[in-house]
Enquirer: 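Okay, here's the structure, questions in a sec.
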Amino acid sequence: MVYQKLSSELSEKELADYYKEKESGIPSLSGIKIYLEGDEVVRKTLNGQKTWYDGKALENPSIKDNEGEPIELIIQVKNIFSSAFGEFAS
């Protein structure tokens, strides 16, 4: 799982289209999620060593430009990896 917090003046739709295009061209980006600041919930493993985001993903992106008023967002890629060793495999 990889995530990055960003700030952007692009519209939500422009961001969603950009990452959707990247996802389709790069198999390792499958499962990409976009969360707007405030729509996410922070989750941690029991030992607190791994963090990821959950919540309401961007579904109906706005076409409104955010010039001068950047939006905060989180881009997360969740690759599923199963191992007999569970958390010890990472």
Side-chain angles (χ1 to χ4, degrees):
M1 177 117 24
V2 177
Y3 66 88
Q4 184 171 11
K5 291 185 175 188
L6 303 171
S7 177
S8 178
E9 292 186 348
L10 296 174
S11 73
E12 294 172 6
K13 174 119 175 71
E14 289 172 308
L15 289 164
D17 290 348
Y18 175 81
Y19 284 103
K20 188 176 194 176
E21 181 182 315
K22 292 293 181 196
E23 180 181 31
S24 66
I26 304 172
S28 63
L29 289 182
S30 65
I32 197 166
K33 299 280 186 191
I34 301 172
Y35 300 106
L36 295 178
E37 189 82 20
D39 289 342
E40 85 287 355
V41 176
V42 178
R43 306 279 186 200
K44 292 185 182 249
T45 56
L46 289 176
N47 63 10
Q49 297 207 357
K50 295 182 184 177
T51 303
W52 72 95
Y53 291 88
D54 213 353
K56 182 180 153 196
L58 189 59
E59 294 175 5
N60 297 312
S62 167
I63 59 171
K64 176 187 167 270
D65 261 349
N66 294 295
E67 192 171 325
E69 297 178 24
I71 56 174
E72 306 294 321
L73 62 142
I74 297 163
I75 307 297
Q76 176 173 270
V77 178
K78 184 175 184 180
N79 289 333
I80 304 298
F81 174 73
S82 297
S83 169
F85 300 106
E87 284 190 29
F88 298 111
S90 301

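Everything numeric in this text was worked out from a predicted model, so none of it was measured.
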Enquirer: Same cluster for L6 and L10 if Ile/Leu/Val/Met/Phe/Trp/Tyr side chains link at under 4.5 Å?
Expert: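 In one cluster: yes.
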Enquirer: Looking only at non-hydrogen atoms, find the nearest pair between I71 and L15 and report the distance.
Expert: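 For I71 versus L15, the nearest heavy atoms are CD1-CD1, 3.8 Å.
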Enquirer: Decide yes or no for S8 and P70: does some side-chain heavy atom of the first lie under 4.5 Å from some side-chain heavy atom of the second?
Expert: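 Heavy-atom side-chain distance check fails, nothing below 4.5 Å.
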Enquirer: Among Y18, Y3, Y19, find the one that has a side-chain contact (heavy atoms from CB on, under 4.5 Å) with I75.
Expert: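 Answer to the side-chain contact (heavy atoms from CB on, under 4.5 Å) test with I75 among Y18, Y3, Y19: Y19.
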Enquirer: Between D54 and V41 (side chain of the first, backbone of the second, donor and acceptor by atom type, cut-off under 3.5 Å), is there such a pair?
Expert: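 Judged by distance alone, no pair lies under 3.5 Å.
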Enquirer: Any non-hydrogen side-chain atom of V42 less than 4.5 Å from a side-chain atom of T51?
Expert: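 A side-chain contact under 4.5 Å exists here.
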Enquirer: For residues W52 and K44, report the shortest heavy-atom separation together with the two atoms involved.
Expert: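 Taking W52 first and K44 second, the nearest heavy atoms are CZ3-C, 3.7 Å.
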Enquirer: Name all pairs fulfilling the salt bridge (Lys or Arg N to Asp or Glu O under 4.0 Å) condition that reach into residues 65-75, sequence neighbours left out, sorted by first residue then second.
Expert: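 Qualifying pairs, neighbours excluded: none.
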Enquirer: Determine whether I34 and I74 make a side-chain contact, defined as any pair of heavy atoms from C-beta on separated by less than 4.5 Å.
Expert: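 Sidechains of I74 and I34: no contact.
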Enquirer: Taking only residues at least two apart or on different chains, which pairs with a member in residues 33-43 satisfy side chain to side chain donor-acceptor pair (under 3.5 Å)?
Expert: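 Residue pairs passing side chain to side chain donor-acceptor pair (under 3.5 Å), neighbours aside: none found.
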Enquirer: So, taking the atom named CG in L36 and the one named CG in L73, what distance separates them when rounded to the nearest 0.5 Å?
Expert: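 Between L36 CG and L73 CG, I get 6.5 Å after rounding to 0.5 Å.
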Enquirer: Not counting sequence neighbours, which residues clear side-chain contact (heavy atoms from CB on, under 4.5 Å) with P61? List them please.
Expert: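 For P61, the residues satisfying side-chain contact (heavy atoms from CB on, under 4.5 Å) (neighbours in sequence not counted) are E12, K13, A16, L58.
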Enquirer: Between OG of S11 and CG of D17, what distance do you get to the nearest 0.5 Å?
Expert: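 These two atoms lie 7.5 Å from each other.
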